[in-house]
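Indexing begins at 1, ligand by ligand and atom by atom, following the structure's order. Only this structure's heavy atoms are used, side chains among them; waters, hydrogens and symmetry mates stay out. One is the number of the first residue; the rest follow in order along the sequence.
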Amino acid sequence: MTDFQPALADADLSDNNSRAVTLNGQKVLICRAGGALYAVENRCTHQEAELEGGRIRGCFISCPLHGVRFDLRDGTSMGQLTREALPTYEVRVVDGMIEVAVNN
Ligand code: FES
């Protein structure tokens, strides 16, 4: 079962930026890229670095540690270091709050 959980105020996340939150014990990274919102697991599938603060370009985020790029839309990884996709979450805005669907 997944359930939308309030994560942070929509106004608190600027474009091409990311914020880490913990929801139901899951480490989630909320990103705004090109004006759109995305939510992914905040753990690189290469060596588990946190992705918060990774450079965002277009709809891609780069891992701060070794630079693997992930497509924020579906978590697909680029390059040779890892072929494992990032888990992604549904995200929406309700009454000015960003909400993310996480497992209960
Ligand atoms: S830990 Fe992210 S690219 Fe190596």
Side-chain angles (χ1 to χ4, degrees):
M1 270 289 287
T2 61
D3 218 359
F4 279 95
Q5 302 276 331
L8 74 146
D10 189 38
D12 286 348
L13 185 62
S14 54
D15 202 17
N16 297 322
N17 233 317
S18 61
R19 285 279 293 275
V21 294
T22 301
L23 301 170
N24 279 358
Q26 294 157 69
K27 290 182 180 301
V28 175
L29 188 69
I30 302 172
C31 304
R32 194 187 305 277
L37 281 172
Y38 304 93
V40 297
E41 189 172 2
N42 187 22
R43 180 169 46 204
C44 183
T45 60
H46 176 228
Q47 288 182 359
E48 303 194 351
E50 294 195 356
L51 295 170
E52 188 180 26
R55 195 170 60 111
I56 293 174
R57 286 289 182 278
C59 55
F60 295 90
I61 188 166
S62 302
C63 176
L65 198 53
H66 311 111
V68 166
R69 284 196 312 153
F70 294 94
D71 189 328
L72 290 166
R73 294 170 297 185
D74 60 6
T76 302
S77 63
M78 309 285 171
Q80 302 302 315
L81 293 181
T82 175
R83 300 215 173 273
E84 195 181 328
L86 272 184
T88 59
Y89 304 88
E90 267 188 85
V91 60
R92 70 183 184 187
V93 176
V94 176
D95 293 336
M97 280 296 289
I98 299 172
E99 298 183 348
V100 179
V102 290
N103 292 321
N104 286 318

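- Cluster membership check: Leu29 shares its hydrophobic cluster with Val68, using side-chain heavy-atom separations under 4.5 Å among Ile, Leu, Val, Met, Phe, Trp and Tyr.
- Looking at Thr76, Thr45, Val40 one by one, the single match for side chain to side chain contact (heavy atoms under 4.5 Å, CB included) with Phe70 turns out to be Thr45.
- With rounding to the nearest 0.5 angstrom, the CG atom of Leu81 is 10.0 Å from the CG atom of Leu65.
- Side-chain atoms of Arg92 do not come within 3.5 Å of backbone N or O of Phe4 as any donor-acceptor pair.
- Atoms SG and CZ, from Cys59 and Arg69 in turn, are 9.0 Å apart once rounded to the nearest 0.5 Å.
- Between the side chain of Glu52 and the main chain of Asn42, no donor-acceptor pair closer than 3.5 Å is present.
- For atom 2 (Fe) of ligand 1, the count of nearby protein N/O/S atoms, taking only those under 2.8 Å, is 2.
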